[in-house]
Amino acid sequence: MSARPAPPVTWQVLHATEHLAAGVLAFLLLATRELVQAGVQQTLVYSRRHDTPDDVGAQFDPRVRLVEVNGGAPAGDRWGGHWSFLRALREALCEELRTHRYDAVHLHAARAGLVGRLGLGRQPAATPPLFYSPHGLATLNRQRPLLGAMSSLAERVAGFRDCHPVGCGHGEARELERLTRRSAAVLENPVHEAFFDVQRRPDATPRVVTVGRACEQKGPTQFAELAARFHYAGEPVQFVWVGAGEPQVEQMLRAVGVEVTGWVGQDEVRAQLARARVYVQTSHWEGMPLSVLQAMAAGVPCVVTDVVGNRDAVTHGATGLLARDVSGLAVYVKSLLEQPQRARELGAAAQREARQRFHPERFRHALLSLYRFGAPDPRAPQRLADTSVVHG
């Protein structure tokens, strides 16, 4: 009797993040979905944040096993609460590695990256390869030098742990290499395929849109100043912030006539992009801004600040426009509103670029190649997971 063929290998991945919201949530929803479709079994260790959707568990494929860790800090005990959470996260990761077999561990965002690299240092030699994606390094924030210095120190210390750093763009990957002294891969963020099918119907009154959390990183004061310039000049332009933030930030935006939608689902984000004439990103720093990639996929012309991350997403004059300051943003937005044909050409070029770089199918091959699961797929994008950036 001939021997039975060996059963196919089932790869298993352990993901971990300290918060499941905003860009990290969007990334993990697509990453886990694409790995499920490739037959990979997965576990996700996470905690909630105030903007984590109540139905977050239902948004993941049921074949993804979710392990929730309490991430809340008791009132009046901020630092004690943080340390308690970090210990709980470490214990959850150690328990998973003790009781299950994994072929790769992927840490997402700064605190999970720190805990995973330092807290798992005494695991057995058979510990699977460790990958770390910061999804926006704090050291890229030139507005807060003290915070950047503290983050830099943490990254350098954690960099002694054997780990594979992964940047979501070439700028972030270069920064990771500088901090960790390790070769960093580039795995660009994916965009859900539904964004490529947005049927654009711009409003009669020009609509300028941005998407994201109204926080320091995203530059809400710059967006407010941009809106104020148009409104005070009597320009009939509606500025919309799709998202939410601290009450005082929202109040500041509304005071200059910006519409703030609050937290909305992806269907509403696509609806807002369909109505927009121009997409604006006023960030002070980025890793790789998912909202810009979504706007590009939808064919909306983008005007963005000239910072790391935005530069990785947009090529000036070809797939979008990069501005150094608010005055530059205003000039470019006005020019696109006054030149609709130029705006359409820029949006179409951006959409073609997004389809080549950010489509989920392409991302799946890059992710499998990053983990080295099976033979390399010739369709895998060589410039992403298989490409290490030069030291700078």
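Being a predicted model, the structure only gives us computed values, none of them experimental. All residue numbers in this chain count up from 1 along the given sequence.
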Let me see the working for E353 and R357 under salt bridge (Lys or Arg N to Asp or Glu O under 4.0 Å), right down to the final yes or no. CA-CA 6 Å; E353 176 86 354; R357 292 172 59 188; 3.0 Å; yes
Let's go through L367 and L35 carefully: what are the C-alpha distance in whole Å and the side-chain angles of both, what is the deciding distance for side-chain contact (heavy atoms from CB on, under 4.5 Å) to 0.1 Å, and is it a yes or a no? CA-CA 8 Å; L367 195 53; L35 288 175; 3.6 Å; yes
Please evaluate residues V45 and V69 with respect to the criterion side-chain contact (heavy atoms from CB on, under 4.5 Å), reporting the C-alpha separation (whole Å), side-chain torsions for both, the decisive distance (0.1 Å), and the verdict. CA-CA 7 Å; V45 177; V69 176; 3.6 Å; yes
T305/Q281 under side-chain hydrogen bond (donor to acceptor under 3.5 Å, both in side chains): CA gap, chis, key distance, verdict: CA-CA 6 Å; T305 45; Q281 189 85 3; over 6 Å; no
As a quick check of understanding, evaluate ring-ring contact (aromatic ring centres under 6.0 Å, His included) for F85 and H19, giving each step before the final call. CA-CA 11 Å; F85 163 69; H19 62 78; 9.8 Å; no
What verdict does the side-chain contact (heavy atoms from CB on, under 4.5 Å) test give for W263 and R213, after you've listed the backbone C-alpha separation in whole Å, the side-chain angles of each residue and the deciding distance to 0.1 Å? CA-CA 9 Å; W263 298 116; R213 186 165 179 251; 3.8 Å; yes
Derivation of the side-chain contact (heavy atoms from CB on, under 4.5 Å) call for Q41 and V13: CA-CA 6 Å; Q41 296 183 358; V13 175; over 6 Å; no
Stepwise side-chain hydrogen bond (donor to acceptor under 3.5 Å, both in side chains) test for Y132 and T180: CA-CA 11 Å; Y132 165 53; T180 66; over 6 Å; no
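Side-chain atoms of Q266 and F195, non-hydrogen and from C-beta on, do get closer than 4.5 Å to each other. Side-chain contact check for T221 versus M252: some heavy-atom pair is nearer than 4.5 Å. In this structure the side chain of V269 never reaches within 4.5 angstrom of the side chain of S291, judged on heavy atoms. Within the 4.5 Å cutoff, the side chain of C215 has no heavy atoms near those of the E246 side chain. Here the side chains of E95 and R98 are in contact, with some heavy-atom distance below 4.5 Å. Taking the side chain as every heavy atom from C-beta outward, L321 and L329 never approach each other to under 4.5 Å. With contacts defined as side-chain heavy-atom distances shorter than 4.5 Å, the pair Q12/Q42 does not qualify. At least one side-chain heavy atom of R111 sits under 4.5 Å from a side-chain heavy atom of L86.
Y279 and V260 fall into different hydrophobic clusters, defined by Ile, Leu, Val, Met, Phe, Trp and Tyr side-chain heavy atoms under 4.5 Å apart, directly or through other members. Tracing side-chain contacts under 4.5 Å through hydrophobic residues (I, L, V, M, F, W, Y), one never reaches V280 starting from V211; they form parts of separate clusters. Taken together through direct or relayed side-chain contacts under 4.5 Å among Ile, Leu, Val, Met, Phe, Trp and Tyr, V240 and V208 form parts of separate hydrophobic clusters. Note: the hydrophobic cluster containing F223 also contains V303 (ILVMFWY, side chain heavy atoms under 4.5 Å, direct or indirect links). Residue Y332 is not grouped with residue V304 when hydrophobic side chains (ILVMFWY) are merged at heavy-atom distances under 4.5 angstrom, including chains of intermediate members.
For R355 (side chain) and A297 (main-chain N/O), no donor-acceptor pair under 3.5 Å exists by modelled atom type. Distance alone, capped at 3.5 Å, places no donor-acceptor pair between the E188 side chain and the V186 backbone. With hydrogens and angles disregarded, a donor-acceptor distance shorter than 3.5 Å links the side chain of Q217 to the backbone of W285. Using a distance-only test at 3.5 Å, with no hydrogens or angles considered, a donor-acceptor pair links the side chain of W241 to the main chain of G212. Judged by distance alone, the side chain of D306 and the main-chain N or O of L322 form no donor-acceptor pair under 3.5 Å. Looking at N189, its side chain does come within 3.5 Å of a backbone N or O of M288 through a donor-acceptor pair. With hydrogens and angles disregarded, no donor-acceptor distance shorter than 3.5 Å links the side chain of T282 to the backbone of Q222. The backbone N or O of A366 sits nowhere less than 3.5 Å from a side-chain atom of S369 that would complete a donor-acceptor pair. A donor-acceptor contact shorter than 3.5 Å is absent between the side chain of T10 and the backbone of V40. No donor-acceptor pair under 3.5 Å is formed between the side chain of D203 and the backbone N or O of P206.
No side-chain N or O of E193 forms a donor-acceptor pair with one of H359 less than 3.5 Å apart. One side chain, R207 or Q272, offers a donor N or O that lies under 3.5 Å from an acceptor on the other. A side-chain donor from one of S283 and E286 sits under 3.5 Å from a side-chain acceptor of the other. If you check the side chains of R364 and Q37, you find a donor sitting under 3.5 Å from an acceptor. Y46 and T52 form no side-chain donor-acceptor contact under 3.5 Å, judged by distance and modelled atom types alone. With no hydrogens or angles considered, a side-chain donor-acceptor pair links T43 and Y102 at under 3.5 Å.
A salt bridge is defined here as a Lys NZ or Arg NE, NH1 or NH2 lying under 4.0 Å from an Asp or Glu carboxylate O, and E96 with R65 meets this definition. Electrostatic pairing of E225 and R229 counts as a salt bridge here, judged by a charged N lying under 4.0 Å from a carboxylate O. Of the charged side-chain nitrogens involved, at least one lies within less than 4.0 Å of a carboxylate oxygen, so that D162 and R182 count as a salt-bridged pair. At a threshold of 4.0 Å, the pair R254-E250 counts as salt-bridged, since one of the basic side-chain nitrogens sits closer than that to a carboxylate oxygen.
Annotation for T205 and P236: closest pair CG2-O, 3.4 Å, computed over non-hydrogen atoms. Shortest non-hydrogen contact noted between L290 and P190 is CD1-O, 3.2 Å. Pairing each heavy atom of L293 with each of A313, the nearest pair is CD2-CB, 3.7 Å. Minimum interatomic distance between C302 and M296 (heavy atoms only, all atoms of both residues): SG-CG, 4.0 Å. W11 and D103 make their closest contact through CA-OD2, 3.4 Å (heavy atoms, listed as atom of the first residue, atom of the second, distance). Nearest heavy-atom pair across A184 and A173 is CB-O, 3.6 Å.
Taking the ring centre of F60 as origin, the terminal cationic atom of R33 falls outside the region bounded by 6.0 Å and 45° from the ring axis.
The distance between the ring centers of F239 and H231 falls below 6.0 angstrom. Proximity of the aromatic rings of H192 and F358 is defined here by a centroid distance below 6.0 angstrom, and this criterion is not met. For F27 and H108, the gap between ring centers is short of 6.0 Å.
Atom CZ of R200 sits in a crowded spot, with more than 12 heavy atoms from other residues, nucleotides or ligands closer than 6.0 Å. In Q251, the CD atom is not crowded: 12 or fewer heavy atoms of neighbouring residues, nucleotides or ligands sit closer than 6.0 Å. Within a 6.0 Å radius of CG in D55, more than 12 heavy atoms belonging to other residues, nucleotides or ligands are found.
Classified by interplanar angle (parallel below 30°, tilted 30° to 60°, perpendicular above 60°), the ring pair H106/F131 is tilted.
Here L176 contributes atom CG and C163 contributes atom SG; the two are 9.0 Å apart, rounded to the nearest 0.5 Å.
Each of L337, L226, V333 was evaluated against V237; a single residue qualifies, L337, per the side chain to side chain contact (heavy atoms under 4.5 Å, CB included) test.
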